[in-house]
Amino acid sequence: ILHAELPLACDFHGLSLVLMPMDHADGGSLRDWLRQHRDLAERREQALAYFREACAGVKAIHAAGLVHLDLKPENLLIQDGQVKLSDFGLSRGLLQHSAASPELMRDGIGTPAYMAPEQILAARPQDIEHPADIYALGVILFEMLDGDPPYVGTAQQILDKHERGIRPKLRGVEDHLADVIWRCLEKDESRRFADVDELLQALEGKDFSREIAAIEAAIVAEDL
């Protein structure tokens, strides 16, 4: 996570300002990096390394009881060659629902291309939890490996596709990586990865949870 200092008050041309000093991201944003490295094959290894670092940042804020709600390449900054999470303007504590302004919910919270279905439809801020960040990570990984986000169009078209759209085509991606993406992008949040650790295990081809569940179900059925 990009480090920030305590706020500082200062006067500037007759204005009283409150400043939030933060570490300088000398490498720009992940969006900048993607634009500079358009060859999918050449950038793949570094892209996956950056994605793991992004996941580490998301894992840390979830452990602290926060959800980000606006994960996207623009909010992943590169400092000393490492991706760090930034821009918590929409984030909130899972136990501090009243802190989120109702105004944020009028047109949904977040950026359309990266928003989970429940983020679009939520009646209240407190109804959106960490699975929405898991979904956004899936969108980011899709874009890193494919070159474009899974859904494109106008803002409203994109929102509609996230809510009801069919699965986009993903070519030239290994099966286990595609499986990671599809599970992140499940419309039903209960079918996504339970947490970032599970996502990272699957990314390394170590996700056996569904196979274990199937074996356990077969054993129970046999006993019956």
Side-chain angles (χ1 to χ4, degrees), residues 1-5 19-40 42-62 64 66-92 100-101 103-120 122 125 128 130-159 161-162 168 170 180-181 184-185 196 199 203:
I1 298 171
L2 203 69
H3 184 68
E5 302 288 346
L19 307 179
M20 176 69 81
M22 59 188 289
D23 285 346
H24 174 57
D26 56 329
S29 70
L30 183 62
R31 171 66 66 208
D32 298 329
W33 185 85
L34 290 173
R35 286 172 177 160
Q36 294 163 9
H37 300 80
R38 296 186 180 276
D39 189 295
L40 298 179
E42 290 184 0
R43 80 183 190 189
R44 180 185 176 283
E45 183 176 351
Q46 184 61 60
L48 289 173
Y50 280 159
F51 180 75
R52 292 184 187 94
E53 293 169 356
C55 286
V58 176
K59 176 183 175 180
I61 68 168
H62 287 180
L66 297 172
V67 285
H68 191 282
L69 298 179
D70 198 21
L71 295 173
K72 55 186 177 181
E74 288 81 355
N75 288 341
L76 296 170
L77 303 183
I78 301 174
Q79 182 190 47
D80 296 330
Q82 182 180 25
V83 161
K84 295 193 175 184
L85 194 57
S86 71
D87 198 344
F88 292 80
L90 294 181
S91 66
R92 60 167 180 78
S101 168
E103 291 298 308
L104 292 175
M105 293 301 294
R106 288 189 304 179
D107 298 314
I109 290 178
T111 302
Y114 303 89
M115 287 172 63
E118 69 271 17
Q119 202 168 344
I120 299 166
I128 309 172
H130 69 271
D133 285 346
I134 299 290
Y135 188 96
L137 285 172
V139 176
I140 292 169
L141 183 57
F142 186 107
E143 183 175 1
M144 284 178 150
L145 299 180
D146 178 84
D148 293 298
Y151 299 119
V152 297
T154 65
Q156 188 57 54
Q157 287 172 338
I158 292 172
L159 294 176
K161 290 175 182 178
H162 278 299
L170 183 61
V180 169
I181 292 172
C184 287
L185 296 184
V196 176
L199 190 168
L203 195 66

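In what follows, residues are counted from 1 in the order of the sequence shown. Scope of the values below: all heavy atoms of this structure, side chains included, with no hydrogens, waters or symmetry mates. The structure presented is a predicted model; accordingly, all values stated were derived computationally and were not measured.
Atom CG of Leu71 is separated from atom SG of Cys55 by 9.5 Å, given to the nearest 0.5 angstrom. Here NZ of Lys161 is found 12.5 Å from CD1 of Ile120. Values are rounded to the nearest 0.5 Å. Atom CG of Asp87 and atom CG of Leu69 lie 11.5 Å apart (nearest 0.5 Å). For the atom pair Asp133 CG and Leu66 CG, the distance stands at 9.5 Å (nearest 0.5 Å). The CZ atom of Arg43 sits 7.5 Å away from atom CE of Met144, with the distance rounded to the nearest 0.5 Å. The CD1 atom of Ile128 sits 7.5 Å away from the CD atom of Glu118 when rounded to the nearest 0.5 Å.
Side-chain contact of Asp70 with Thr111: a donor-acceptor pair under 3.5 Å is present, judged by distance alone. Residues Tyr114 and His162 have side chains that never bring a donor and an acceptor to within less than 3.5 angstrom of each other.
At least one side-chain heavy atom of Leu145 sits less than 4.5 Å from a side-chain heavy atom of Ile181. Counting heavy atoms from C-beta outward, Leu85 and Asn75 have side chains that stay 4.5 Å or more apart. Residues Leu76 and Tyr50 are not in side-chain contact: their nearest non-hydrogen atoms beyond the backbone lie 4.5 Å or more apart. No side-chain heavy atom of Lys84 sits less than 4.5 Å from a side-chain heavy atom of Ile78. Side-chain atoms of Glu5 and His3, non-hydrogen and from C-beta on, do get closer than 4.5 Å to each other. Residues Leu141 and Leu203 form a side-chain contact, since some pair of their non-hydrogen atoms from C-beta on lies under 4.5 Å apart. Between Leu77 and Leu30 there is no side-chain heavy-atom pair separated by less than 4.5 Å.
Remark: Pro150 engages Val139, Phe142, Pro168, Leu185 in a side-chain contact (heavy atoms from CB on, under 4.5 Å) (not counting sequence neighbours). Take Phe51 and apply the ring pair (Phe, Tyr, Trp, His ring centres under 6.0 Å) test, not counting sequence neighbours, and it matches no residue.
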Decide yes or no on side-chain contact (heavy atoms from CB on, under 4.5 Å) for Arg44 and Gln46, but give the supporting numbers first. CA-CA 6 Å; Arg44 180 185 176 283; Gln46 184 61 60; over 6 Å; no
Stepwise side-chain contact (heavy atoms from CB on, under 4.5 Å) check, Leu137 with Val58: CA-CA 9 Å; Leu137 285 172; Val58 176; 4.1 Å; yes
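Taking every heavy atom of both residues into account, Ala116 and Ala132 meet most closely at CB-CA, 3.9 Å. Of all heavy-atom pairs spanning Ala60 and Ile1, the tightest one is CB-CD1, 3.9 Å. Taking both residues in full, the closest heavy atoms of Trp33 and Ala47 are given as CH2-N, 3.8 Å, listed atom of the first, atom of the second, then distance. Nearest heavy-atom pair, Glu53 versus Val83, reported as atom, atom and distance to 0.1 Å: OE1-N, 2.7 Å.
Within a 6.0 Å sphere centred on NZ of Lys59, other residues, nucleotides and ligands contribute 12 heavy atoms or fewer.
For residues 21-35, every residue pair satisfying the salt bridge (charged side-chain N to carboxylate O under 4.0 Å, His left out) rule, not counting sequence neighbours, is listed here: Arg31-Glu74, Arg31-Glu143.
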